[in-house]
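Read the structure below first, then the notes.
As a basis for the values below, the full set of heavy atoms in this structure was taken, side chains included, without hydrogen atoms, waters or symmetry mates. Atoms within a ligand are numbered from 1 in the order they appear, just like the ligands themselves.
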Amino acid sequence: MNDYFLNLNSTNKNSLIKDMYRYAKDNNVPIISDEGLVYLLQLIRLTNAKKILEVGTAIGYSAIQMAMIDENIHIDTIERDMDAYNIAIFNINKAKLNNNIHVILKDGLTVTKNDLMGTKNYGYDLIFIDAAKAQYKNFFNLFTPYLKKGGIVVCDNLMFHGLVGLPQDEKDKQVTTKNLKGLVRKIEEFNEWLSKQKGYKTDFLRIGDGMSVSVKL
Ligand code: SAH
Ligand code: MG
């Protein structure tokens with residue numbers, strides 16, 4: 001997206017948000033793209049989502065942005081990295097959102113129903129998957145049983161810096177290391193798999209680093 005449109009989009013830019021944004025850029029924390037954020041927040045407003053599960057908290061940037069929409073929003077968010085977790089807790093306290101955001105310090109794949117506050121009543125309205133890209137299928141399978149019918153799953157970074165879905169000759173040039181090759185293949189497999197999930201209608205959007213939006217049918 002060019003900056004002209006981006007500048008027209010107003011997102012909350014209080015001093016905490018500005019500090020977090022700067023911190024993320026200075027420390028290579030892969031927070032959601034500006035455009036992805038605008039879209040995600042609007043989805044939450046449009047669908048009136050109140051119970052949200054996020055996989056991949058990092059420093060709490062996207063969770064705080066989502067929780068600032070509305071005081072009735074409750075977010076469970078999962079982070080496995082202790083340093084990121086501590087920074088997220090600090091930021092969430094600073095934002096006075098500790099009643100709205102519950103951070104779970106665990107590997108997402110080991111999270112059980114008991115860890116998830118949002119499962120206590122009726123499950124989630126929206127699940128935002130934004131952690132280890134090779135695990136998306138596992139996260140999807142693990143957490144979507146807790147998603148309400150009509151609920152939404154958003155997955156981030158499905159184009160992985162534009163490396164996903166390239167024609168083979170371009171891929172050979174740009175995707176050189178073994179690790180990267182494996183990761184790109186995993187994301188491509190996930191995209192393909194997701195597009196064929198019978199219980200969901202999924203759109204793949206060229207927003208930010210590539211985002212999918214699936215509705216549970
Ligand atoms: N959603 C955040 C960015 C998350 S970056 C935002 O937009 O502001 C991805 C985060 O996922 C990293 O902090 C990483 O430590 C975490 N992560 C990666 N794999 C994970 C896993 N298996 N379980 C829990 N967290 C994981
Ligand atoms: Mg992301």
Numbered in order shown, the ligand 1 atoms found under 4.0 Å of a heavy atom of Asp81 are 15 (O)
Identify the protein heavy atom lying closest to atom 14 (C) of ligand 1, giving its residue, its atom name and the separation to 0.1 Å. Glu79 OE2, 3.4 Å
Ignoring hydrogens and geometry beyond distance, is a side-chain donor-acceptor pair present between Asp26 and Tyr21 at under 3.5 Å? no
Stepwise salt bridge (Lys or Arg N to Asp or Glu O under 4.0 Å) test for Asp130 and Lys133: CA-CA 8 Å; Asp130 190 26; Lys133 310 307 160 202; 3.3 Å; yes
Answer with yes or no whether the side chains of Glu54 and Ser62 bring together a donor and an acceptor at under 3.5 Å. yes
Where is the nearest protein heavy atom to atom 17 (N) of ligand 1: which residue, which atom, and how far? Ala131 CB, 3.7 Å
Could you tell me which atoms of ligand 1, counted from 1 in the order shown, lie closer than 4.0 angstrom to a heavy atom of Ile31? 6 (C), 7 (O), 8 (O)
Starting from atom 18 (C) of ligand 1, find the nearest protein heavy-atom neighbour and note its residue, name and distance. Ala132 N, 3.3 Å
Close-contact set for ligand 1 against Ser62 heavy atoms, below 4.0 Å: 1 (N), 2 (C), 6 (C), 7 (O), 8 (O)
Short question: side chain of Asn27, backbone of Val29 - any donor-acceptor pair under 3.5 Å? no
Taking only heavy atoms of Lys106 into account, list the atoms of ligand 1 that are under 4.0 Å away from them. 23 (N), 24 (C)
May I ask whether Ile78 and Leu105 are part of the same hydrophobic cluster, defined by side-chain heavy atoms of I, L, V, M, F, W, Y residues being less than 4.5 angstrom apart, directly or through others? no
Atom indices of ligand 1, in the order listed, that fall short of 4.0 Å to a heavy atom of Gly108: 21 (C), 22 (N), 23 (N), 24 (C)
Contact summary for Leu163 and Val184, nearest pair of heavy atoms: O-CG1, 3.6 Å
Hey, do the aromatic rings of Phe128 and Phe139 have their centres closer than 6.0 Å? no
Write down the atom of Val164, the atom of Asn191, and the distance for their closest heavy-atom approach. CG1-ND2, 3.7 Å
Just which atoms of ligand 1 are under 4.0 Å from any heavy atom in Thr57? 2 (C)
Taking all non-hydrogen atoms of both residues into account, name the closest pair between Asn14 and Ile17 and its distance. OD1-N, 2.8 Å
Is a donor from one side chain sitting under 3.5 angstrom from an acceptor on the other, for Tyr124 and Asp76? yes
Lys186 charged N/C atom sitting above Phe190 aromatic ring, 6.0 Å / 45°: no
What's the shortest distance from atom 9 (C) of ligand 1 to any protein heavy atom, and which residue and atom give it? Asp130 O, 3.2 Å
Using the rule that Ile, Leu, Val, Met, Phe, Trp and Tyr join whenever any side-chain heavy atoms are under 4.5 Å apart, tell me whether Leu142 and Leu116 fall into a single cluster. yes
Consider every N or O of Ile32 and every N or O of ligand 1, then say whether any pair is closer than 3.5 Å. yes
Using a 4.0 Å cut-off to any heavy atom of Pro30, which atoms of ligand 1 qualify? 3 (C), 5 (S)
Can you check whether Phe139 has an N/O within less than 3.5 Å of an N/O in ligand 1? no
Regarding Gln65 and Tyr61, do their side chains bring together a donor and an acceptor under 3.5 Å, going by distance alone? yes
Could you list which atoms of ligand 1 come closer than 4.0 Å to a heavy atom of Asp107? 21 (C), 22 (N), 23 (N)
For Gly56 and ligand 1, does the shortest N/O to N/O distance drop below 3.5 Å? yes
Listing residue and atom name, which protein N/O/S atoms are closer to the Mg ion (ligand 2) than 2.8 Å? Asp130 OD1, Asp156 OD2, Asn157 OD1
Heavy atom of Gln65, distance to ligand 1 below 4.0 Å: no
Would you say ligand 1 has an N or O under 3.5 Å from any N or O of Ala84? no
Which protein non-hydrogen atom lies closest to atom 20 (C) of ligand 1, naming both residue and atom, and how far is it? Arg80 NE, 3.4 Å
I'd like to know if the side chain of Asn179 pairs up with that of Lys181 as donor and acceptor (distance under 3.5 Å, no hydrogens or angles considered). no
Any donor-acceptor pair under 3.5 Å linking the side-chain atoms of Gln135 with those of Asn138? yes
Checking heavy atoms under 4.0 Å, the part of Gln135 that sits near ligand 1 is neither
